[in-house]
Amino acid sequence: MARILAALLAGALFGLGLVVSQMSDPRVVQGFLDIAGAFNPTLMFVLGGALIVSTIGFRWVLRQPRPLFDTRFHVPLSQVIDRKLIGGAALFGVGWGLAGYCPGPALVSLGGGMPEAWVFVPAMLAGGIGYRWWSRRQAVRVENADSATA
């Protein structure tokens with residue numbers, strides 16, 4: 001129960017931060033990303049603040065023997081930068097620039113009744129499910145090809 005309450009509190013705090021910083025408003029995000037047009041630099045302070053807090057916070061938290069409500073930390077261990085990572089990051093950036101949403105703000109906007117979010121979130125979920133399906137299918141093909149050559 002404590003784990004669920006902690007997750008609920010963290011999610012609510014994150015959502016509140018997105019609303020206060022206006023990152024849940026796609027027009028503000030697109031204004032920030034439009035460096036050749038009507039550039040809105042206000043999110044620079046949000047990014048700088050997030051960088052400072054996360055740099056200090058991650059250093060402190062990862063020095064702890066384990067999380068408060070779990071047996072181990074769940075952090076990415078791979079440090080490989082490959083085509084898959086770069087392609088995914090590029091696709092994420094293009095989608096963020098076009099729609100003005102990334103997943104967190106889209107969910108906050110969905111809860112706030114923003115009409116664009118009602119289109120974006122189902123499309124985001126369909127894309128994630130579609131990628132997972134395609135990725136598993138590719139893994140099966142590679143596995144079958146490996147077993148055929150062995």
Side-chain angles (χ1 to χ4, degrees), residues 1-35 39-143:
M1 186 64 169
R3 187 176 175 171
I4 293 171
L5 289 175
L8 184 63
L9 179 64
L13 185 62
F14 181 63
L16 180 63
L18 292 172
V19 170
V20 169
S21 68
Q22 297 185 323
M23 285 195 67
S24 60
D25 185 342
R27 290 170 291 274
V28 172
V29 172
Q30 288 172 327
F32 176 70
L33 296 173
D34 188 9
I35 56 175
F39 179 60
N40 176 358
T42 55
L43 291 183
M44 192 70 75
F45 296 105
V46 175
L47 294 176
L51 183 63
I52 292 169
V53 169
S54 64
T55 300
I56 295 169
F58 269 100
R59 285 179 180 260
W60 180 76
V61 165
L62 293 177
R63 285 187 186 149
Q64 308 307 310
R66 65 179 189 83
L68 288 176
F69 303 113
D70 205 341
T71 57
R72 65 181 181 89
F73 290 105
H74 300 274
V75 294
L77 301 175
S78 176
Q79 295 185 350
V80 174
I81 299 174
D82 57 6
R83 280 186 11 198
K84 193 174 170 183
L85 177 65
I86 292 171
L91 186 60
F92 178 88
V94 169
W96 193 34
L98 289 174
Y101 281 125
C102 64
L107 293 175
V108 169
S109 295
L110 184 71
M114 298 275 290
E116 303 94 0
W118 288 94
V119 174
F120 181 84
V121 170
M124 174 182 75
L125 293 173
I129 292 167
Y131 174 75
R132 181 168 286 209
W133 173 81
W134 178 81
S135 180
R136 286 183 180 165
R137 189 178 162 133
Q138 290 297 104
V140 168
R141 281 186 181 173
V142 169
E143 191 175 300

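Bear in mind that the values here come from a model prediction, so they are computed numbers and not experimental data.
- Heavy atoms from other residues, nucleotides or ligands lying under 6.0 Å from CD of Gln138 number more than 12.
- The shortest non-hydrogen separation linking Phe32 to Phe39 is O-CE1, 2.9 Å.
- Shown here are the side-chain contact (heavy atoms from CB on, under 4.5 Å) partners of Ile4, two or more places apart in sequence or in another chain: there are none.
- Smallest separation of non-hydrogen atoms from Pro103 and Phe92: CD-CE1, 3.6 Å.
- Taking Trp60 as the reference, Gln64 meet the side-chain contact (heavy atoms from CB on, under 4.5 Å) condition, with sequence neighbours excluded.
- The shortest non-hydrogen separation linking Ala99 to Pro26 is O-CB, 3.5 Å.
- To the nearest 0.5 angstrom, Asp70 atom CG is 4.5 Å from Arg3 atom CZ.
- Atom CZ of Arg66 sits in a crowded spot, with more than 12 heavy atoms from other residues, nucleotides or ligands closer than 6.0 Å.
- Annotation for Leu62: atom CG counts as buried by contact number, over 12 foreign heavy atoms lying within 6.0 Å.
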Val80 and Leu85: CA distance, side-chain angles, deciding distance, side-chain contact (heavy atoms from CB on, under 4.5 Å) verdict:
CA-CA 8 Å; Val80 174; Leu85 177 65; over 6 Å; no
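- Taking a 6.0 Å sphere around CG of Leu51, one finds it holds more than 12 heavy atoms contributed by other residues, nucleotides or ligands.
- Closest non-hydrogen pair, Phe14 versus Gly104, comes out as CE2-CA, 4.2 Å.
- Classification of Arg27 and Asp25 as a salt-bridged pair holds, one side-chain N sitting under 4.0 Å from a carboxylate O.
- Sorted by first and then second residue, the side-chain hydrogen bond (donor to acceptor under 3.5 Å, both in side chains) pairs with a member in residues 41-56 read Asn40-Thr42; sequence neighbours excluded.
- Within the model, atoms CG of Leu110 and OG of Ser24 stand 12.0 Å from one another, a figure rounded to the nearest 0.5 Å.
- Atom CG of residue Leu91 and atom OH of residue Tyr131 lie 10.5 Å apart, to the nearest 0.5 angstrom.
- Atom CD in Gln30 sits 8.0 Å away from atom CG in Leu98 (nearest 0.5 Å).
- Nearest heavy atoms, Leu18 versus Pro105: CD1-N, 3.7 Å.
- Heavy-atom neighbours of Phe69 CZ from other residues, nucleotides or ligands within 6.0 Å: above the threshold of 12.
- Side-chain contact between Ile81 and Ile86 is present, with at least one heavy-atom pair separated by less than 4.5 Å.
- Shown here for Ser109 and Tyr101, the closest heavy-atom pair between the two residues is OG-CE2, 3.2 Å.
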